[in-house]
Each structure stands twice: as structure tokens, then as C-alpha cells.
2 protein chains.
Amino acid sequence: MTQKPKALDHTEAVKMGKSCVCFITRKAARCITQFYDEMLRPTGIRSTQLTLLTTIKILGPVSVKRMAEVVVMDRSTLARNLKPLDRQGLIRIEPGEDLRERIVSLTPPGLEKWKEAYFIWGQAQAQIKDRLGQEGLDTLFANLSELVSLTRNR
Amino acid sequence: MTQKPKALDHTEAVKMGKSCVCFITRKAARCITQFYDEMLRPTGIRSTQLTLLTTIKILGPVSVKRMAEVVVMDRSTLARNLKPLDRQGLIRIEPGEDLRERIVSLTPPGLEKWKEAYFIWGQAQAQIKDRLGQEGLDTLFANLSELVSLTRNR
DNA sequence: CTCAGATAGATGTATATACCCCTATTTCTG
DNA sequence: CAGAAATAGGGGTATATACATCTATCTGAG
């Protein structure tokens, strides 16, 4: 059989374009982020920031290190992502008892902002649910969680 | 019934942390990107860049505008993401017949780099498949594609 | 043919992301 | 207890991402 390198390359490229988990996941993240961000626009915060506010709300005063573990984000990334929230006065960052640590907590304005954003988040989430159904949503969640743990525990 | 605002807030926050599609998708994208990037490290290119090389390979000489549509990426984002590839000499960017357009194409070194990276991509993809199974992979793809089209066609 | 509107990119700005290396602490070991 | 090892963050660097706005070019209506 004669080989046709060019054609073979092309087939493989197409296959990759259609089956790359990294590509589709990043693409979906871009799209879904835009969707939520657009809805959150009136609040002045973005989806990532809402995630962080929520995490702080749940974990109470918490160190950057611990937060980073929970949201599965690089420590330096998280520290930088916290800055806009700090600048807007939505969170407080102060040294902990262990002076190496920074303890993050929600300010009263931060709590208000969270409530405002949570309301809109509910609307965005409902739109997604309308389209995927609760079952589709559950499957998606299970799949993505699997992906996360797959890449974490190696 | 007496209301307990604080406790209610907390419950809602936890619910959001556990069910936010945007959060889980972004988290998965971070994890999977790190996974692929780590494997691709020896090649000197990253997963996003491999995606772009592949797209260029498939679409042949193509305008930035068209490419952006295909990969579902903002035009300005794409233009900036192409720069590292251009700097490394893996792609060529030149004016099209329509002088407003920039036409992107793969250089011979770019093709070589693509082949090298494709090989590694296959290994990464295989590891994912081992864990999710072909079926799980298909479901994941379907779910995420649904998410993309959901946010695109509104 | 001319000019108004549409289109493709480029640029400014801001956030998001991670790696590497450095510093300040803390903890552990001899 | 003193010095070594571990740990938490900070800052540098580079890429990834999008929106708003600007410029150059093209196209279509008159």
C-alpha cells in the first residue's frame, strides 16, 4: 500500500479537532463563562469572582492556601484573582496567627454583593437547566468531576 | 416560620458551590489544561497552541476571522494567541487579497512541531480514555457540545 | 463614481491562569 | 536550642481571554 502522508495527517488533525478533551473543555469554559459574565454584568463582578465570594462565604475566614485547594487553583492564581475583590472592598485579607498565612474573609458589602449576584446566578443556572434538564446537568457534573479527579490523583 | 437569614445564605452558597456549571467547567478546564500542558512540555508548545496548529492544519490558509468562528474564540483573543506561534516560526501570517484580512498558514517547522505534538496528544488522550472509557468520553463530548451550542444560539 | 455603512484586525485595558524562584515563617531534627 | 527542612505567600514572566474602541479597507446605494 502506498502511503499518502498529507492525507493521513489531515485525517488525524480532523480527528483531534473532533475528539480532543482539552479543546472541547476549554471551549465550553469560554462559552459558559461568557454566558454567566454577561448576565452578571449589572453586578460588576464576574463568574470567577462570584465563585470566590461563594467559597469565602462557605469556608468563612480561610487561608489562601486552603482556598486554593478547595477551588483547585494555583495559589498564585488565586492570590491574584482575589485582588480585584479586595480593591472593590468585597473581601478582607489579613495576616493570620501563623504569620506566613493570609486570612481571607467577606466584608459586609461583600456579602451584599454576593446576595445580588446569587440571585442572578440562579437565573443563569435555570436557563442552563431548562436546556439540559436536571439529568443532563447531573451527568455533566459527574463527567467533569471525574475529569478533575482524574487529573488530580495520578 | 421564623427566618434564619445566615443559615439560609450558607445553604444556598453550598448549593451554588456544588452545582454551578460555570465553576465546574472552568475547574475542569484548568485541570485538563494542566494535564495536557505537562505532557506537551517537551515540545515547547501548550495545549491551546496545539489546538490552533491543528485548526490551521485542517483549514489550510485561513483568515483570523474564520478561524475565530471555528474555534469559538474572540477575534482579538485568537490574534493574540497566534503571536507566540508566529514568534516561534511555526505559522505565517500575511495579508490576504482582501487587505483587511490576515491569512494564517502552517510553516514546514510548524508542521513538524504539529506531528511531534500530535504524537504526545495521542498519549494524553489515551490516558483520559483509559479512565473514562470511550462511552464516557462520548457522553462528555456530547454534554459539552450541548453547552457550547446552548450559549451560542440564543 | 462617491460616500455611507459594513467588515477585519489592531490596540488598550482588565482579568484569569500557572510556573519558577525568592522571602519570611514555622516546624522538625540533632 | 540551633540549624535544616518544610510551608505560605509575593513577584516576575508568559500565555489566555474578552470587551470597547479605533483604523484601514471593502461594498453597496445612489
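Proteins get letters first, then strands, A, B, ... in listed order; numbering begins at 1 in each.
- Here A:Ser63 pairs with A:Lys65, A:Arg66, A:Glu101, A:Ile103 under the side chain to side chain contact (heavy atoms under 4.5 Å, CB included) rule; sequence neighbours left out.
- Comparing the axis of the opening five pairs of the helix from C:dC1-D:dG30 to C:dG30-D:dC1 with that of the closing five pairs yields an angle of 10°, rounded to 10°.
- We find that NZ of B:Lys27 is positioned 17 Å from C1' of C:dA18, with the value rounded to whole Å.
- Counting non-hydrogen atoms under 4.0 angstrom, B:Arg80 reaches a base of the nucleic acid.
- Atom-to-atom, CD of A:Gln88 to C1' of C:dA14 comes out at 12 Å; the value is rounded to the nearest Å.
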Output side-chain donor-acceptor pairs under 3.5 Å for residues 72-80 of chain A, partner residues at least two apart or in another chain, one line each.
residue, atom, partner, partner atom, Å
A:Asp74, OD2, A:Ser76, N, 2.9
A:Asp74, OD2, A:Ser76, OG, 2.6

For residues 81-94 of chain B, which side-chain donor-acceptor pairs fall under 3.5 Å, sequence neighbours excluded?
residue, atom, partner, partner atom, Å
B:Gln88, NE2, B:Pro84, O, 3.4

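- In terms of the side chain to side chain donor-acceptor pair (under 3.5 Å) criterion, residue partners of A:Gln134 (sequence neighbours excluded) are, by chain and number, A:Lys129, A:Asp138.
- Between B:Ile24 and A:Leu140, the closest side-chain pair of non-hydrogen atoms is not below 4.5 Å.
- A:Thr139 pairs by the side chain to side chain donor-acceptor pair (under 3.5 Å) definition with nothing, not counting sequence neighbours.
- In the 5' to 3' direction, nucleotides of DNA chain D lying under 4.0 Å from heavy atoms of chain B begin and end at D:dT15 to D:dC26.
- Distance A:Lys83 NZ to C:dT17 C1': 14 Å, rounded to the nearest Å.
- Take A:Thr51 and apply the side chain to side chain contact (heavy atoms under 4.5 Å, CB included) test, not counting sequence neighbours, and it matches A:Thr55, B:Phe23.
- Residue B:Arg87 is in sugar-phosphate contact alone, with no base atom involved, counting any heavy-atom pair closer than 4.0 Å across all strands shown.
- B:Phe35 has its CZ atom 18 Å from the C1' atom of C:dC19, to the nearest Å.
- Looking at heavy-atom distances under 4.0 Å, A:Thr48 makes contact with sugar-phosphate atoms alone, never a base.
- Per the geometry, CG belonging to B:Asp74 stands 14 Å off C1' belonging to C:dA14, to the nearest Å.
- Side chains of B:Phe35 and B:Cys31 form no contact here, defined as non-hydrogen atoms less than 4.5 Å apart.
- Every residue was checked against the side chain to side chain donor-acceptor pair (under 3.5 Å) condition with B:Glu112, not counting sequence neighbours, and none meets it.
- OP1 and OP2 of C:dA18 both lie 4.0 Å or more from every side-chain N or O belonging to A:Arg75.
- The residue B:Ser63 sits close only to the backbone: its heavy atoms come under 4.0 Å of sugar-phosphate atoms, none of a base.
- At a non-hydrogen distance threshold of 4.0 Å, B:Arg100, B:Glu101, B:Arg102 from residues 92-108 of chain B come into contact with DNA chain C.
- Considering only side-chain N and O atoms, B:Ser76 lies nowhere under 4.0 angstrom from the phosphate OP1 or OP2 of C:dA10.
- Not counting sequence neighbours, the partners of B:Ser47 by the side chain to side chain donor-acceptor pair (under 3.5 Å) test are B:Asp37.
- Residues forming a ring-ring contact (aromatic ring centres under 6.0 Å, His included) with B:Tyr118 (at least two apart in sequence, or on another chain): B:Trp114, B:Trp121.
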